[in-house]
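Please read these numbers as outputs of a predicted model, since none were measured by experiment.
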Amino acid sequence: MRLEDLLDRLEALEGKPYPFYKDLKGVWRGKGFALRFVYVQGDPFATPSVLEVIYPGQALEALRVYTREEGRVAVEDFLLRALKARLRDLPRLAGSGHSGAVRVEVESPKVLPRAGAHLGEKALSLRFRVGLPAQGRRILGREARRLFQALSRHLEAFLQELDREALLRHVRQAEDFAFIQERLAERGLVAFVGEGSVLPRESGVSQRPLKGAVPFQSPPSLKVAFRTPHAGEVWGMGLPQGLTLITGGGFHGKTTLLEALVHGVFPHVPGDGREWVVTDPLAQRVQSEDGRSVKGVDLRPFVHDLPLGQDTAFFSTEDASGSTSLAAAILEALEMGARVLLMDEDTSATNLLVRDARMQALVRRETLTPILDRVQDFKALGVSLVLVVGGVGDYLDLADTVVLMEAYRPQEVTAEAKAIARAHPTGRAFGEPRYPLRAVPRAPLPASFDPRRGRKEKVKGRGLRELVYGEETVDLSALDLFENAQVRALGALFKRLERLADGRTPLKALVERALLGVEDLFALEEAPELAWVRPLELAAAANRLRGLEVVQV
């Protein structure tokens, strides 16, 4: 069917009941593209309709500027951003509910695989939402025609008017990021922070760089270079494996640096300021979460010998304390194969971080083995720790690298820190833990991921912090998610986990299997608002399901 016929059909719907919009489903062909109605909303107040614009393969040669998969993802990401910017110029329409609203889902400066775009050999598909106009529940056909006339003009010119240089920068940045990230471990590094990076953000809730911020400058002793495929030699600070302490006075940038490392597991768009911050892909932030649910974790490496003989080899609680939740988060991360743990003393239970000499002398029946006593065990496992500290000096004895932040400028002070540790001994006795540092694999039961209550599923993301799943609201506030699209993806992936779980497959293997062919999963979803999550985040979300049921395997 021709796009001109669609415009006539829309005008003919003027004044008819809203369900007549359902007749539009199908493919309408314009000049150089086709428009498909994937999903048509039931009324103007419902979630807007999903449309897909399809460009044929012969129009795509100029987009094939990538040399690896990360580059192809960057092309898709760039196209969605460009389409979002272009469609901001569409005319505003009168009407009820979401009438005339056009939404292209890209929320953050992260370059992620997204359900809204797919660049294949034969076609490019981009999906977005459109609120079909109505007054009350009567169709505004003439307004709809005006909207789609303007939309078709934009879609026809979209590929021809792309900024090719910007596309190339976008792709090359993502490919250089992937190049560095692949080489961190072989260089003995957990992260890289490029010279001139702008780490501070406008505010605690903004992902935009702070204007006038101090550009990052590497300490000479930690300066390293990577010769990248596109940008050539890139210099910056390389954080070594082992125990790294980031310290300094309040408001001097130590938490800002840690936050940048958390974000650095994903590539960023050029101009973000953190595009040359590259962190090990298996890095995960862990923290205390008072009141979280813990299911079937062997906590004995950190929590043991509880009063009244309570066993912690298969520990479950609906209301974990700060120390218990931090211990569980660490062991759950190790279960998933995390290689780097990112921590901040401000968000970590002090009694699990350290027990100083005075408390060792006073408290003789301690049930916690502090992380400090397990540093060498982490190293033996090949797991590095990056810890922000401002008041816990006991870690200076064991630190491999100490970075002091002063006015957002880092200095490497490892030798000075060691000298201070020798001159001011704490008198603390390092304990010998009774239980080996290891994570016992657990296998979820299928019922853990059942969203059905009565006859209807209920799966809905609420911002970055909550996922409504069945009758449960999953608290995601301790996870590092950067877009609501990632929260929605967790809901879709939970449903896949339900189909895959058998009570025998370990969580790690189950999550990895759920993410295999994830592009197919996204292609089948009617919602374009889904974005990639790592196995670490998917497992962390599953671990926070209060309905989770597991057995150790």
Side-chain angles (χ1 to χ4, degrees), residues 262 265 280-304 312-344 347-349 352-353 368-371 374 377-378 381-387 435-445 448-449 467 469 472 474-481 490 493-494 497 501 505-515 533-553:
V262 169
V265 297
D280 189 297
L282 290 175
Q284 185 170 15
R285 174 159 48 186
V286 291
Q287 63 186 60
S288 295
E289 301 165 69
D290 287 316
R292 72 155 278 198
S293 171
V294 174
K295 294 298 176 69
V297 179
D298 184 352
L299 290 181
R300 290 176 299 174
F302 296 105
V303 184
H304 46 78
T312 57
F314 187 76
F315 187 85
S316 298
T317 179
E318 294 292 329
D319 187 19
S321 66
S323 56
T324 300
S325 59
L326 178 57
I330 291 171
L331 291 164
E332 289 164 352
L334 295 181
E335 182 183 4
M336 285 301 299
R339 289 194 301 238
V340 184
L341 300 180
L342 306 170
M343 303 173 64
D344 191 326
T347 56
S348 301
L352 197 68
L353 282 179
L368 300 179
T369 296
I371 295 167
R374 308 235 63 148
D377 297 328
F378 280 110
L381 288 176
V383 176
S384 297
L385 302 176
V386 179
L387 177 60
Y435 299 97
L437 180 59
R438 65 189 184 96
V440 177
R442 297 164 302 144
L445 303 181
S448 303
F449 305 104
L467 172 68
Y469 197 72
E472 182 176 347
V474 187
D475 183 358
L476 305 174
S477 55
L479 275 64
D480 289 302
L481 301 169
L490 289 174
L493 289 164
F494 276 180
L497 287 173
T505 304
L507 179 63
K508 183 175 186 293
L510 194 67
V511 163
E512 290 171 348
R513 192 178 301 171
L515 286 166
V533 294
R534 301 182 303 162
L536 289 167
E537 277 77 51
L538 178 53
N543 281 319
R544 283 154 181 80
L545 274 168
R546 294 188 179 274
L548 183 67
E549 299 177 50
V550 300
V551 294
Q552 290 181 344
V553 292

Residues forming a side chain to side chain contact (heavy atoms under 4.5 Å, CB included) with S288, sequence neighbours excluded: S325, L326, A349
I'd like to know if the side chain of [X] reaches the main chain of [Y], judged simply by a donor and an acceptor atom lying under 3.5 Å from each other, with no hydrogens or angles considered.
X	Y	value
S448	E549	yes
R546	E318	yes
Q552	A313	yes
S321	T324	yes
R374	T369	no
E472	G547	yes
R292	N543	yes
R442	K295	yes

Which distance, rounded to the nearest 0.5 Å, do you find between the CG of L490 and the CG of L497? 9.5 Å
Quick check: closest heavy atoms across [X] and [Y], and the distance to 0.1 Å?
X	Y	answer
D290	G322	OD1-N, 2.8 Å
P444	V550	CA-CG1, 4.0 Å
L368	H304	C-NE2, 4.0 Å

Test log, rule side chain to side chain contact (heavy atoms under 4.5 Å, CB included), inputs L479 and V533: CA-CA 11 Å; L479 275 64; V533 294; over 6 Å; no
What do the steps show when you test D475 against E289 for side chain to side chain contact (heavy atoms under 4.5 Å, CB included), and what is the final call? CA-CA 10 Å; D475 183 358; E289 301 165 69; 5.6 Å; no
Given side chains that start at C-beta, do those of V383 and L341 come closer than 4.5 Å, heavy atoms only? yes
Option passing side-chain hydrogen bond (donor to acceptor under 3.5 Å, both in side chains) with R285 (candidates D480, T347, D344):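 Testing each of D480, T347, D344 against R285, the sole residue satisfying side-chain hydrogen bond (donor to acceptor under 3.5 Å, both in side chains) is D480.
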Please verify the inter-ring angle class for F449 with F494; under 30° counts as parallel, over 60° as perpendicular, anything in between as tilted.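 It falls in the tilted class, 30° to 60°.
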